[in-house]
Asker: 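My questions all concern the structure below.
Letters A, B, ... mirror the listed sequences (proteins, then strands); counts begin at 1. Small disclaimer: the values here were computed from a predicted structure and weren't measured.
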Amino acid sequence: QVQLVQSGGEVKKPGASVKVSCKASGYTFTSHAINWVRQAPGQGLEWMGWINTYNGNTNYAQNFQGRVTMTTDTSTNTAYMELRSLRSDDTAVYYCARGENDYWGQGTLVTVSS
Amino acid sequence: DIVMTQTPLSSPVTLGQPASISCRSSQSLVHSDGNTYLSWLQQRPGQPPRLLIYKISNRFSGVPDRFSGSGAGTDFTLEISRVEAEDVGVYYCMQTTQFPLTFGPGTKVDIK
């Protein structure tokens with residue numbers, strides 16, 4: 001069965017970076033893109049970007065341009081999202097989802113606090 | 001960017017009664033390939049989002065048939081024919097016709 005399993009929660013200080021992983025199983029990894037979506041506490045869903053797992057092409061939301069990098073490791077069927085220069089308002093649950101948004105990871109809580 | 005709006009933002013419903021959520025996009029969601037990439041997601045409390053409906057009206061695998069989607073162009077509707085207790089949560093419409101992908105603000109469905 002299709003599964004996306006994300007890395008565990010992180011606590012970071014302002015200005016630091018975080019890298020969240022999303023390990024896929026149950027399907028051909030390079031046949032489906034990966035979206036990254038975040039959700040601040042009590043708020044709605046915000047799309048961060050998309051990565052083509054076949055060729056590595058990316059498309060980032062304007063709000064994250066210059067601060068986010070999405071990558072994949074096809075040898076381990078894992079997608080990564082790195083967010084830099086963290087601020088307190090980056091505190092959120094970060095989700096990966098298969099490109100069609102049909103399967104989602106369990107979410108990774110990233111807390112940014114001094 | 002395509003802006004997605006939803007009404008109502010909150011919907012208290014009686015068990016067994018129908019519920020309806022509207023979603024409107026700021027521009028047509030018809031893709032150049034002829035498809036309309038409008039999806040509905042359900043997020044139960046403490047859970048990740050779950051795909052219910054894709055391309056306006058297609059139920060995803062395992063989704064009960066009390067959920068249905070309709071619409072065209074810029075106006076779309078999610079209907080629940082008879083609300084059950086497990087349907088409590090927030091419902092989002094989402095467009096994947098063009099980047100950046102965008103979500104509606106969410107509609108909270110709870111039981112009266």
Side-chain angles (χ1 to χ4, degrees), chain A residues 1-9 20 22-24 26-27 32-52 57-68 70 79 81 92-110, chain B residues 1-10 21 23 25 29 31 33 35-63 67 69 78 89-110:
Chain A
Q1 72 283 21
V2 174
Q3 279 194 302
L4 297 174
V5 179
Q6 298 183 222
S7 47
V20 179
C22 170
K23 184 170 176 60
Y27 71 98
H32 299 263
I34 292 285
N35 283 307
W36 289 91
V37 173
R38 77 176 185 180
Q39 185 171 39
Q43 301 302 306
L45 302 171
E46 180 181 22
W47 179 76
M48 299 180 67
W50 165 98
I51 183 165
N52 182 321
N57 286 348
T58 55
N59 191 300
Y60 300 142
Q62 184 80 13
N63 284 351
F64 301 99
Q65 287 277 0
R67 269 206 315 143
V68 71
M70 296 175 187
M81 186 284 298
V93 177
Y94 290 76
Y95 294 103
C96 61
R98 205 165 72 158
E100 295 79 9
N101 301 300
D102 50 359
Y103 293 94
W104 291 66
Q106 82 277 20
T108 296
L109 176 61
V110 175
Chain B
D1 297 4
I2 297 177
V3 177
M4 308 296 289
T5 56
Q6 290 181 230
T7 54
L9 297 183
S10 179
I21 302 170
C23 173
S25 57
L29 298 185
H31 192 275
D33 67 6
N35 289 307
T36 301
Y37 293 99
L38 184 282
S39 300
W40 289 95
L41 306 171
Q42 175 197 59
Q43 187 174 31
R44 291 171 173 151
Q47 297 293 313
R50 167 197 180 200
L51 179 66
L52 294 178
I53 303 282
Y54 62 97
K55 287 195 285 186
I56 301 178
S57 60
N58 296 275
R59 268 189 305 276
F60 184 56
S61 174
V63 174
F67 291 95
L78 175 70
V90 180
Y91 292 77
Y92 297 93
C93 59
M94 176 188 189
Q95 69 80 21
T96 55
T97 292
Q98 70 178 57
F99 290 126
L101 309 189
T102 47
F103 295 91
T107 294
K108 185 175 182 179
V109 172
D110 58 12

Asker: Nearest 0.5 angstrom please: A:L45 CG to B:T102 OG1, how far?
Answerer: 11.5 Å
Asker: Do any side-chain atoms of residues 44-53 of chain B form donor-acceptor pairs under 3.5 angstrom with protein atoms, and if so which ones, sequence neighbours left out?
Answerer:
unit_1, atom_1, unit_2, atom_2, d
B:R44, NE, B:E86, O, 3.0
B:R50, NH1, B:Q42, OE1, 2.9

Asker: If I measure from the heavy atoms of chain A, does B:S39 come under 4.5 Å with its side chain, its backbone, both, or neither?
Answerer: neither
Asker: For B:T7, what residues pass the side-chain contact (heavy atoms from CB on, under 4.5 Å) criterion, not counting sequence neighbours?
Answerer: B:S22
Asker: Roughly how far apart are B:F103 CZ and A:Q39 CD, rounded to 0.5 Å?
Answerer: 9.5 Å
Asker: Mind checking the CG-OH spacing from A:N101 to B:Y37? Nearest 0.5 Å is all I need.
Answerer: 12.5 Å
Asker: For B:Y54, which atoms come within 4.5 Å of any heavy atom of chain A: side chain, backbone, both, or neither?
Answerer: neither
Asker: Taking side chain as everything from C-beta outward and backbone as N, CA, C, O, which of these in A:Q62 sits under 4.5 Å from a heavy atom of chain B? Side chain, backbone, both or neither.
Answerer: neither
Asker: Nearest 0.5 angstrom please: A:W104 CH2 to B:Q43 CD, how far?
Answerer: 8.0 Å
Asker: So which of B:G104, B:S61, B:G106, B:P100 has the biggest tally of heavy-atom pairs under 4.5 Å with chain A?
Answerer: B:P100
Asker: In terms of heavy-atom proximity below 4.5 Å to chain B, should A:Y103 be classed as side chain, backbone, both, or neither?
Answerer: side chain
Asker: Heavy atoms only, distances under 4.5 angstrom: which of A:V37, A:N35, A:N59 has the most pairs with chain B? Name it, please.
Answerer: A:N59
Asker: Between B:F99 and A:W47, what is the ring plane arrangement, given parallel below 30°, perpendicular above 60°, and tilted in between?
Answerer: parallel
